[in-house]
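First the structure, in the form of structure tokens, and then the observations on it.
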Amino acid sequence: MEMITVPAGPARLTDRRTQRSWTVDVASFLLASVPVTQETGRLPLVDVSWQDALRFCNTLSEREGLTPVYEPESSTWDRSANGYRLPTEAEWEHACRAGTTGPRYGPLDEIAWYRENSAGSLHDVGGKAPNAWGLHDMLGNVWEWCWDVYDAEVYGEYRVLKGGGWFDEHWSCRASVRRRSHPTFRVDDVGFRVARSL
């Protein structure tokens, strides 16, 4: 799995529902160049919950001799551990934008599988143009789980999803769009990619 070094920088996040915006300073970190794929082939792994993603990260860390990051039963993150993890929402958006300021890092048909060009199905990862930092499929194909709670006061433990999927309209495939779901939720347009702290 190719890991890309994402440079440090500010991430400007927005929430259309609450009309809120905020800035997060993102430290440099490693992010997989594509979403996690199924055991055979290059299709993204889907029907995977946020909790499944945490368990996958820990298993991969142990396999590679790294310290697991998560305590899945309590949903806690050991920030001193060097293993694989989910990106935070700010890390994800900063990585997606790759230094750009618009809603997308390129023309949508060139960078993403979405409703208008997906023929109603998943596609192999890496088939569309990457962003300037070498990250593929940051928009379209599958929504990606992030570590963050969406809005604890309103939605409790619901977690953030980013990026849009193969079934979504063009307006969902933008760097700033936020979706939310319960950490046990599984569906055929949700996957994830792994990160590591530096």
[X] side chain to [Y] main-chain N or O, any donor-acceptor pair under 3.5 Å?
| X | Y | value |
| --- | --- | --- |
| Lys162 | Arg178 | no |
| Asp78 | Val69 | no |
| Ser118 | Tyr114 | yes |
| Trp145 | Gln51 | no |
| Asn141 | Gly165 | no |
| Asn131 | Leu135 | yes |
| Asp47 | Arg186 | no |
| Glu71 | Thr76 | no |

Kindly work out whether a path of hydrophobic side-chain contacts (I/L/V/M/F/W/Y, heavy atoms less than 4.5 Å apart) joins [X] to [Y].
| X | Y | answer |
| --- | --- | --- |
| Trp143 | Leu54 | yes |
| Phe56 | Val142 | no |
| Ile111 | Trp166 | no |
| Trp133 | Val34 | no |
| Phe192 | Leu30 | yes |

Q: Can you establish whether the number of heavy atoms outside Trp171 located under 6.0 Å from its atom CH2 is more than 12?
A: no
**Q.** Flag if over 12 foreign heavy atoms under 6.0 Å of CZ, Phe167
**A.** no
Report yes if some heavy atom in the side chain of [X] is under 4.5 Å from a heavy atom in the side chain of [Y]; otherwise report no.
| X | Y | result |
| --- | --- | --- |
| Cys146 | Thr88 | no |
| Leu13 | Val24 | yes |
| Leu60 | Glu64 | yes |
| Ser75 | Arg159 | yes |
| His94 | Val6 | yes |
| Leu86 | Val194 | no |
| Thr5 | Ser28 | yes |
| Ser176 | Glu93 | yes |

(Q) Tyr150 vs Tyr158, test: ring-ring contact (aromatic ring centres under 6.0 Å, His included). Steps then yes/no. (A) CA-CA 6 Å; Tyr150 181 86; Tyr158 276 41; 8.3 Å; no
Q.
Ring centres under 6.0 Å, that's the criterion: do Trp147 and Trp92 meet it?
A. no
Q.
What verdict does the side chain to side chain donor-acceptor pair (under 3.5 Å) test give for Thr23 and Arg12, after you've listed the backbone C-alpha separation in whole Å, the side-chain angles of each residue and the deciding distance to 0.1 Å?
A. CA-CA 4 Å; Thr23 300; Arg12 178 83 170 162; 3.2 Å; yes
Q: Find the distance between CD (Glu157) and OG1 (Thr184) and round it off to the nearest 0.5 Å.
A: 11.0 Å
Q.
Would Arg193 and Glu144 count as a salt bridge (Lys or Arg N to Asp or Glu O under 4.0 Å) here? Give the steps.
A. CA-CA 7 Å; Arg193 74 179 68 212; Glu144 297 182 16; 2.8 Å; yes
Q: Using the side chain to side chain donor-acceptor pair (under 3.5 Å) rule, take Thr14 and Arg20 through it: C-alpha gap first, then chi angles, then the decisive distance, then the call.
A: CA-CA 6 Å; Thr14 59; Arg20 194 168 61 94; over 6 Å; no
**Q.** Intermediate values then yes/no, side chain to side chain donor-acceptor pair (under 3.5 Å), Arg85 and Ser197
**A.** CA-CA 8 Å; Arg85 60 177 177 81; Ser197 301; 2.9 Å; yes
Q | Verdict with supporting geometry, Arg179 and Asp189, salt bridge (Lys or Arg N to Asp or Glu O under 4.0 Å) | A | CA-CA 12 Å; Arg179 181 173 147 188; Asp189 69 347; 3.5 Å; yes
Q: Please lay out, stage by stage, how Asp151 and Arg180 fare under the test salt bridge (Lys or Arg N to Asp or Glu O under 4.0 Å).
A: CA-CA 9 Å; Asp151 182 340; Arg180 64 194 175 273; over 6 Å; no
Q | Shortest non-hydrogen contact between Tyr105 and Pro130, atoms and distance | A | CE1-C, 4.1 Å
Q | Cation-aromatic face contact Lys128/Trp113, 6.0 Å, 45 degrees | A | yes
